[in-house]
Amino acid sequence: MRTDTAVPHGFDAEHDSFRGELASVHKDGRRKWVYARQPSGRFYAARTLVSYVLMALLFLGPFVRLHGQPILLLNVLERKFIVFGLVFWPQDFYLLVLCVLTGFVTVALLTSAVGRVWCGWMCPQTIFLEMLFRKLEWLIEGSAQQQVRRDKAPLTADTAWRKALKHAVFFGLSFLIANVFLAYIISADALWTIVTAPPREHLPGLFAISVFSLVFYAVFARFREQACTLACPYGRVMGALVDEHTITITYDRSRGEPRGKLGRGVQDMPRGDCIDCGQCVTVCPTGIDIRNGIQLECVACTACADACDDVMRRVSRPQGLIRYTSEEAVRTGMPNGLSWRVKAYAVVWLVLFVAAATLIARRPDLDVLILRQPGTLQTTLDNGDVSNFYNLQILNRSNRPYTLTYRVVDPVGGSITALGPIGDVPPYGLVQSRFLLRLPARGISGTSTPVHVEVSDGGELVATVETSFLGIANEQEQGR
Ligand code: SF4
Ligand code: SF4
């Protein structure tokens, strides 16, 4: 499962067995359960802090409101997205595509430059699994060693209640996460309606929450690291983005090899700093040995770096045998540099980022769209005026309300009669309505007459909209 085909610098063929097997799968194909030891160290402390901030953001995003809107909403059903006060409606789809594209290039750039830093530090899967579910598991079932002992021994009452409690807590948390997940999609208000109303009135919502809860429970209780190593598409493409210049969690073979246990072997034999204690493997949540080089299963969680730093401290050797560096820097002993690939991604990213930021900044606060209602015919009134029905759509991207008035400026003499609410537009609101546009016969030219409508708010012009008027006026009336 290595991503690179070349044998890494300093690699010993004696440790080559990992190439033909997955760390979390037995030779006969059965799942090999990974009992990861709890790491401790500077990286783990930093990750814990980052994870608490991100978890708070994830849990509170759809519920905390800014100007009456959630700070985060990903309503794919209505194609309405809110990101920290920026609202994207279906009309902003091109912007959304540009932002998603920028996001993909950001991930490609980050991965090429610093490996799977997203996986180790920011991915919700890693954060929930390593910083919530696994910590609770250690709390309830004990350390990794205690868990191994319990699982190998015959079932006892002590093991049974711990497992029952753990799975009950896991399911409760999965239910909570499922609710939050749904709040992101349908909004907190809609979720509250589902939660408080009788279940039979919201069967689809109830079904969705149940399915999400079961999926999250299955992922965090059973599937675990397999989500990263087998299912996640990002993990699959990592091999194409990472190269020998990528700065990621790397074992320094130049320093570590030849490895050997402390106090064993021929004393005058040259020895590297790795004492082959295996601590870096026992903390790994995907069960791999980082000393085999960059591997697809590595989620760059830094646990092995913390574990090895602790070992190095104890044996009075310099820390950083496993650290953030690149294969190239380890091989050559030179400082890390930026590869041409990273520079190229950075240029593309900058272009996309500037384009997206400029388009977002220049978006008008108000979008007014007037379209003639399809399938309707002109109506000729008693005084000879001709009228058409129109659909009106107003989209407010700002946090202020609007009270709009409309004036037909061209052709002169035209007027608008509302057939629904067309004046008041709430903050971040979408108003869809209809009106009747009446033109005097003398203002009509040909079968399609261009019409200009000025839209004002409190006397201030906010938009001038052009639409077309379909209709033919009576020649006699036109001459009046
Ligand atoms: S923790 Fe460090 S010293 Fe121990 S096996 Fe891993 S790399 Fe070698
Ligand atoms: S090899 Fe190290 S960084 Fe990679 S997943 Fe395992 S513990 Fe985390």
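Note that the structure is a prediction, hence the values are computed from the model and not measured. When a ligand or atom number is given, it counts from 1 through the structure's own listing order.
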Asks: Would you mind reporting whether Leu136 and Leu173 have side-chain heavy atoms less than 4.5 Å apart?
Replies: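 Contact flag for Leu173/Leu136 side chains = yes.
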Asks: Report yes if some heavy atom in the side chain of Arg255 is under 4.5 Å from a heavy atom in the side chain of Pro318; otherwise report no.
Replies: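 Sidechains of Pro318 and Arg255: in contact.
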Asks: Got the closest protein heavy atom to atom 7 (S) of ligand 1, with its distance?
Replies: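 Scanning the protein heavy atoms, the shortest distance from atom 7 (S) of ligand 1 goes to Cys308 SG, 3.7 Å.
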Asks: Pairing donors with acceptors under 3.5 angstrom, does anything connect the side chains of Asn336 and Thr325?
Replies: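 The answer is yes; a qualifying pair exists.
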Asks: Just jot down the ligand 2 atoms closer than 4.0 angstrom to any heavy atom of Thr302, in number order.
Replies: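 Once the distances to Thr302 are compared, the set is 3 (S), 8 (Fe).
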Asks: Determine, step by step, whether Gln146 and Tyr35 satisfy the side-chain hydrogen bond (donor to acceptor under 3.5 Å, both in side chains) criterion, reporting the C-alpha distance in whole Å, the side-chain angles of both residues, the deciding distance to 0.1 Å, and the verdict.
Replies: CA-CA 10 Å; Gln146 287 171 314; Tyr35 295 92; over 6 Å; no
Asks: For atom 8 (Fe) of ligand 1, grab the closest protein heavy atom and report residue, atom and distance to one decimal in Å.
Replies: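 That would be Cys274 SG, 2.3 Å.
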Asks: Going through the distances and angles, do Arg65 and Asp189 end up as a salt bridge (Lys or Arg N to Asp or Glu O under 4.0 Å)?
Replies: CA-CA 11 Å; Arg65 290 180 174 265; Asp189 292 340; 3.1 Å; yes
Asks: Can you tell me which residue and heavy atom of the protein come closest to atom 3 (S) of ligand 1, and the distance to 0.1 Å?
Replies: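 For this ligand atom, the closest protein heavy atom is Ile275 N, 3.5 Å.
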Asks: State the atoms of ligand 2, each with its element, that fall below the 4.0 Å cut-off from a heavy-atom position in Ala300.
Replies: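 Heavy-atom distances to Ala300 below 4.0 Å select 3 (S), 4 (Fe).
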Asks: Closer than 4.0 Å to some heavy atom of Met312 - which atoms of ligand 1 meet that?
Replies: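 This gives 3 (S) as the contact atoms.
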Asks: Pick one of side chain, backbone, both or neither for how Asp276 approaches ligand 1, counting any non-hydrogen atom pair under 4.0 Å.
Replies: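 Only the backbone of Asp276 comes within reach of ligand 1.
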Asks: Do the side chains of Leu60 and Val180 get nearer than 4.5 Å, heavy atoms only?
Replies: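 Val180 vs Leu60: side chains apart.
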Asks: Before accepting this row, confirm whether a basic side-chain N of the pair Glu244/Arg331 lies closer than 4.0 Å to the acidic partner's carboxylate O.
Replies: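 Arg331 and Glu244: not salt-bridged.
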Asks: With a cut-off of 4.0 Å, which atoms of ligand 1 are near a heavy atom of Arg291?
Replies: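 Going through ligand 1 atom by atom, the ones under 4.0 Å from Arg291 are 5 (S), 7 (S).
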Asks: Hey, which protein N/O/S atoms does atom 6 (Fe) of ligand 2 have under 2.8 Å?
Replies: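 The answer is Cys284 SG.
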Asks: With a 4.0 Å cut-off on heavy atoms, does Gly256 reach ligand 1?
Replies: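 In this structure, Gly256 fails to qualify as a contact of ligand 1 - no heavy atom is under 4.0 Å.
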Asks: Give me the nearest non-hydrogen protein atom to atom 4 (Fe) of ligand 1 as residue plus atom name, then the distance to 0.1 Å.
Replies: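 Ranking protein heavy atoms by distance from atom 4 (Fe) of ligand 1, first comes Cys277 SG, 2.2 Å.
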Asks: For residues 86-108, which side-chain N or O atoms pair as donor and acceptor with protein atoms under 3.5 Å away, sequence neighbours left out?
Replies:
unit_1	atom_1	unit_2	atom_2	d
Gln91	NE2	Gln393	OE1	2.4
Asp92	OD1	Arg397	NE	3.3
Asp92	OD1	Arg397	NH2	2.7
Asp92	OD2	Trp89	N	3.0
Asp92	OD2	Arg363	NH1	3.1
Asp92	OD2	Arg397	NE	3.2
Thr102	OG1	Leu98	O	2.6
Thr106	OG1	Thr102	O	2.5
Thr106	OG1	Trp349	NE1	2.8

Asks: Check the angle between the aromatic planes of Phe216 and Phe220 and answer parallel, tilted or perpendicular using the 30° and 60° thresholds.
Replies: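 Parallel: the ring planes of Phe216 and Phe220 meet at under 30°.
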Asks: Can you find a heavy atom in the side chain of Val431 that is under 4.5 Å from one in the side chain of Pro426?
Replies: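 SC-SC contact between Val431 and Pro426 confirmed.
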Asks: Only one of Arg162, Lys166, Arg150 clears salt bridge (Lys or Arg N to Asp or Glu O under 4.0 Å) with Glu141; which?
Replies: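 Output: one option passes, namely Lys166.
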